[in-house]
Amino acid sequence: MWKLINSPRSIRSSLFIAGIVCLAIFSAFEQLKLIYGITFAFTSIMMLVLMRLFGLRIGLSASLIVYGSALLFFQAPLFILVFLLESCWIALWQKKKPSPVLIPGFAFWVILGFPLTLVACYLSGPFNTIEFILLLAVTAANGMFNALIAEIIVDYLPLRRWLKLDAKKQSPIPFSRAIFHLSITIVALPFLVIMVISGWSSYHTSTNSTLQSVSNTVSSISDELGKWNEEQILGVKLQSIIQIGFLQEIINRHNIQESFEIVMTDHNMKMLVSTSNEIKAINRDVVAGQVIADNFVIEMPKQETVKLLPTQPWREAKYVYHVKLEKIPVSIAVSVPVDTFKEQLFREYIYHLLYTLGSVMVAGLLAFGINRWLSHGLKQLAGSTTNLPFKLKLGVPLEWKHSGILEIDSLVHNFKDMSHNLSAMLRESERMNRQLRDSEEKLHQMAYYDSLTGLPNRHHFKETLSKMIEESTVDGEKLAVMFVDLNRFKKINDSLGHAAGDLLLQQVTKRFVCIVGENCSVYRLGGDEFVFVLRFGNPELPIVFADLICACFEEPFEVNESHVYTTTSVGISVYPDHGTTIDDIVKKADMAMYTAKEQGISSSCYFFDHEMEQSLNEKMHLEIGMRKALEKGQFFLEYQPKVCPYTGFTTGFEALIRWEHPERGLISPVRFIPLAESTGLILDIDLWVFKEACRQTKEWQRMGLPHIPVSINLSAKHFYHSNLVENIVGILRETGLDASCVIIEITESVFIRQMESVIGMLTQLRDLGIQISIDDFGTGYSSLNQLQRLPISIVKLDRTFIKDAEHDGRKSAVVRAVIELAHSMGLKVVAEGIETEEERLFFSRLQCDELQGYYFSKPLRSAPFVSYIRRELQRIHLEKRGIEA
């Protein structure tokens with residue numbers, strides 16, 4: 001420490017250290033008093049600042065001076081040294097492994113602070129659990145709060161620059177750390193103030209209540225003694241046994257509170273009577289504490305030894321109310337132990353601390369979320385910088401400004417390095433262009449061969465295949481065209497980078513070259529697509545060779561010192577069996593490859609067959625037919641009732657689309673709906689269904705049918721377009737149907753991606769009055785704990801949960817749990833697919849809100865559905881008349 005003072009830059013640093021030490025001594029003397037010895041000290045803030053700026057040696061020396069002064073001159077309890085231990089622990093931790101200060105602070109109180117506080121409470125006297133918990137909680141919160149404030153002071157105040165210390169140690173502050181400091185401080189400070197004010201309020205309330213109670217007791221005794229005559233008063237002066245007995249009887253009668261101690265003495269302080277026999281044998285040496293009101297003080301026993309804990313003097317402290325009577329030579333003292341109120345107030349403090357801790361944790365999580373969001377936005381901003389290559393090409397000078405935030409500073413460095421790399425790449429590109437213009441032979445090489453792998457390219461493949469077809473017609477051999485595509489190559493590119501993807505393609509090429517021979521050649525068509533052309537006579541040779549291709553992917557590829565596993569899909573077509581032209585053979589090999597890719601993630605091969613072609617043609621015809629069906633009105637709706645399980649009457653209905661093809665007849669939705677999803681036609685089809693269902697429902701309402709809601713299915717694809725809500729509002733306005741009569745049914749696949757934006761759209765629809773129902777719940781991507789986040793009102797159980805649920809114990813338990821949870825969240829539950837009486841009874845007993853299925857009615861066209869509803873209305877009318885009769 002003296003070396004620092006004698007150094008050239010010592011004056012400013014020495015004054016700073018002296019000022020910090022004086023401020024720390026003052027804070028040790030003037031602690032924030034909470035209640036009954038519990039205090040909040042800020043001394044360790046200054047000590048931690050010194051340790052961070054000047055090192056552990058100087059900080060420890062200053063700490064010994066400060067805490068020594070507190071023990072010797074301010075009679076501070078020995079327990080204050082726990083802050084000295086905490087400061088040293090944090091300083092040593094951060095010297096070995098720099099980290100946010102709350103991490104070593106928390107570790108200290110778990111590893112050392114807890115046992116030290118426990119031992120101190122045991123050694124200081126009778127152990128009290130509530131006092132121990134509060135003391136530990138307040139002290140731990142005090143210590144970690146001081147550590148956090150010290151870290152904020154050192155991080156955000158330019159103390160190193162002011163003190164002319166090593167500026168290199170002042171590294172940029174991570175953005176996440178700044179957000180964390182801000183959030184924790186904003187939450188912790190107000191709750192600390194609330195905790196202090198609440199404690200003081202509780203303390204004053206209990207004190208005033210005690211004062212009122214004891215003063216009333218003394219007043220009652222005084223009023224009774226004021227009625228004594230001169231003879232009785234004389235008996236008291238002479239200390240007559242009879243009068244003393246009367247006095248004892250009076251105080252016993254007025255000792256309503258068992259915790260009170262009432263003592264009467266003469267004016268010479270000689271005790272006459274008391275409610276406690278122990279007081280006569282005890283000669284306590286007490287020191288008066290603070291005066292609370294007239295004749296009302298707090299008395300505490302004198303401490304003959306050094307205090308271990310700040311709460312020790314308060315364990316035997318008492319509220320004392322003392323009054324000297326004028327008419328009768330008697331003084332009355334009523335005392336109440338502080339312990340009567342202390343434990344209750346300590347409990348309140350513990351609750352406040354737990355609430356504060358929970359709030360701080362929530363703030364930390366909020367800070368983490370905000371940090372991720374802002375960091376993501378900054379990265380997107382960096383990635384979206386435009387026209388950088390153009391500026392570099394024109395030689396526009398670029399200015400790079402550094403930032404104090406670590407993430408932004410790193411982003412600037414990244415752009416700077418990238419500009420250098422791009423400049424080098426542009427220069428290299430210009431050099432290569434000059435070489436290409438000067439060399440026709442190299443141009444020809446690049447036209448016919450792939451520059452990355454060195455394999456013949458697509459142009460070379462078509463010319464070679466054309467010659468091989470001409471040759472095969474002469475010698476009678478067959479040609480197998482094998483399309484090879486790497487599975488998951490895009491994911492590898494996205495995760496490892498395009499450079500790693502290029503290395504992978506080069507290694508794949510090496511393995512392919514090893515298996516080709518005189519009768520086989522390999523080409524790279526582009527991306528991750530390769531093609532083999534095999535000349536063969538043995539019909540089993542193509543499948544054997546396809547197995548060799550798949551075997552190339554059994555061992556991992558080594559890319560940038562990492563092992564990468566991938567698989568392949570092989571599609572095979574044969575000339576002349578599957579076609580006689582190049583385009584025909586290539587197209588069918590490509591079709592077979594995509595069919596192989598659908599088999600799974602493992603390597604697989606597939607031969608072209610005519611069933612595959614028919615299937616693809618069928619899908620093409622269906623797609624064309626769906627487009628015409630929308631134009632020519634071939635779609636129509638059927639309606640299936642949803643009934644109340646208790647009455648059996650219709651409470652709603654679901655609109656289901658059907659397709660009446662003019663040539664093929666009725667086409668099942670199972671065939672055309674998945675195709676509509678994959679092609680995007682589902683968007684137009686769903687809007688047609690929505691409009692038609694709303695129109696028909698409004699027409700039925702005008703006919704006098706009940707206003708029951710219609711359920712309409714919407715595809716997940718709608719929620720990835722921003723105009724969904726606008727379209728629905730337009731349809732409701734056009735048809736005149738009230739939004740409360742519409743239920744939108746969605747599947748759980750809606751929440752696969754962009755979950756927050758989907759929830760926002762659903763919330764807008766719900767705010768319009770439309771109810772949201774999750775269809776086929778339990779078969780998709782959501783879980784029970786997600787239901788509380790979703791703006792839905794109905795859960796629709798899938799048929800897989802319905803079938804045999806009454807006989808399957810595990811299934812019935814799951815169904816019962818789902819229904820109970822949904823009801824507890826205020827959601828309706830609909831069971832669809834009810835087909836038997838047993839299923840109806842089972843789900844009725846489970847208190848499902850609605851049932852739907854063939855048991856009640858199959859889907860009906862408009863006219864039969866109207867007849868169904870009217871028959872039901874007649875039945876309701878007849879039942880009412882029967883009840884009235």
Side-chain angles (χ1 to χ4, degrees), residues 444-472 477-489 492-493 501-559 564-575 577-579 582-597 603-608:
H444 179 271
Q445 177 74 13
M446 294 183 66
Y448 281 88
Y449 289 88
D450 178 54
S451 60
L452 177 65
T453 62
L455 293 177
N457 59 15
R458 182 185 295 272
H459 186 60
H460 199 316
F461 160 69
K462 288 188 175 181
E463 287 191 0
T464 304
L465 181 59
S466 178
K467 293 178 182 179
M468 293 177 71
I469 288 176
E470 292 177 0
E471 294 172 358
S472 65
E477 287 186 327
K478 293 185 177 182
L479 297 177
V481 176
M482 303 182 179
F483 261 53
V484 179
D485 187 86
L486 274 61
N487 297 329
R488 299 173 52 250
F489 180 74
I492 295 173
N493 248 350
D502 291 345
L503 290 175
L504 176 61
L505 292 175
Q506 290 172 346
Q507 294 195 27
V508 169
T509 300
K510 291 180 181 179
R511 297 188 185 183
F512 284 169
V513 170
C514 292
I515 64 174
V516 298
E518 295 181 359
N519 296 328
C520 182
S521 53
V522 60
Y523 307 83
R524 184 189 180 212
L525 302 186
D528 61 334
E529 291 184 347
F530 298 83
V531 62
F532 288 83
V533 179
L534 175 67
R535 183 185 293 111
F536 69 95
N538 186 349
E540 296 182 359
L541 189 58
I543 191 63
V544 172
F545 194 82
D547 291 337
L548 286 177
I549 297 174
C550 294
C552 291
F553 294 86
E554 292 180 355
E555 296 295 328
F557 297 90
E558 188 169 337
V559 178
V564 176
Y565 290 86
T566 186
T567 57
T568 186
S569 300
V570 183
I572 308 170
S573 66
V574 177
Y575 172 85
D577 298 351
H578 299 143
I582 293 178
D583 292 339
D584 204 16
I585 293 296
V586 170
K587 182 185 73 172
K588 291 175 179 178
D590 196 31
M591 292 167 56
M593 183 270 292
Y594 278 105
T595 303
K597 192 176 285 288
S603 295
S604 59
C605 62
Y606 201 92
F607 271 92
F608 173 81

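Worth knowing before you read on, the calculation uses all heavy atoms, side chains too, and leaves out hydrogens, waters and symmetry mates.
Distance OH/Tyr575 to CD1/Ile582: 9.5 Å, rounded to 0.5 Å. Between atom CG of residue Asp450 and atom NE2 of residue His459 there is a gap of 14.5 Å, rounded to the nearest 0.5 Å. The distance from the OG atom of Ser569 to the CD1 atom of Ile549 is 11.5 Å, given to the nearest 0.5 Å. One distance of note links CG of Asp502 with OG of Ser451; it measures 9.0 Å at 0.5 Å rounding. Remark: Arg535 CZ to Met468 CE distance equals 4.0 Å, nearest 0.5 Å.
Counting all heavy atoms, side chain and backbone alike, Ile572 lies closest to Ala592 at N-CB, 3.7 Å. Smallest separation of non-hydrogen atoms from Val522 and Pro456: O-CD, 3.5 Å. Nearest heavy-atom pair, His460 versus Tyr449, reported as atom, atom and distance to 0.1 Å: NE2-OH, 3.6 Å. The shortest non-hydrogen separation linking Cys550 to Val570 is SG-CG2, 4.3 Å. Counting all heavy atoms, side chain and backbone alike, Phe545 lies closest to Ile515 at CE1-O, 3.4 Å. Residues Leu455 and Tyr523 share a closest heavy-atom pair of CD1-C, 4.4 Å.
Counting only heavy atoms from C-beta outward, the side chains of Lys587 and Asp590 never approach each other to under 4.5 Å. Side chains of Leu452 and Arg524 form a contact here, defined as non-hydrogen atoms less than 4.5 Å apart. Considering only heavy atoms from C-beta on, Val531 comes within 4.5 Å of Phe483 through its side chain. For the pair Val586 and Leu465, the minimum side-chain heavy-atom distance is below 4.5 Å.
Using cut-offs of 30° and 60° on the angle between ring planes, the pair Phe512 and Phe530 is perpendicular.
Taking a 6.0 Å sphere around OH of Tyr594, one finds it holds 12 or fewer heavy atoms contributed by other residues, nucleotides or ligands.
The closest donor-acceptor contact from the side chain of Arg511 to the backbone of Cys552 lies under 3.5 Å. At distances below 3.5 Å, at least one donor-acceptor pair connects side-chain atoms of Thr509 with backbone N or O atoms of Leu505. Put simply, the side chain of Thr566 gets close to the backbone of Asn487: a donor and an acceptor are under 3.5 Å apart.
Qualifying side-chain contact (heavy atoms from CB on, under 4.5 Å) partners for Asp485, counting only residues two or more places apart in sequence or in other chains: Asp528, Glu529, Met593, Lys597. Under the rule for a side-chain contact (heavy atoms from CB on, under 4.5 Å), the partners of Leu541 that lie at least two apart in sequence or sit in another chain are Leu534, Phe536, Asn538. With sequence neighbours excluded, no residue satisfies side-chain contact (heavy atoms from CB on, under 4.5 Å) with Val544.
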**Study point:** Worked check of side-chain contact (heavy atoms from CB on, under 4.5 Å) between Val508 and Leu486
**Key:** CA-CA 9 Å; Val508 169; Leu486 274 61; 4.1 Å; yes
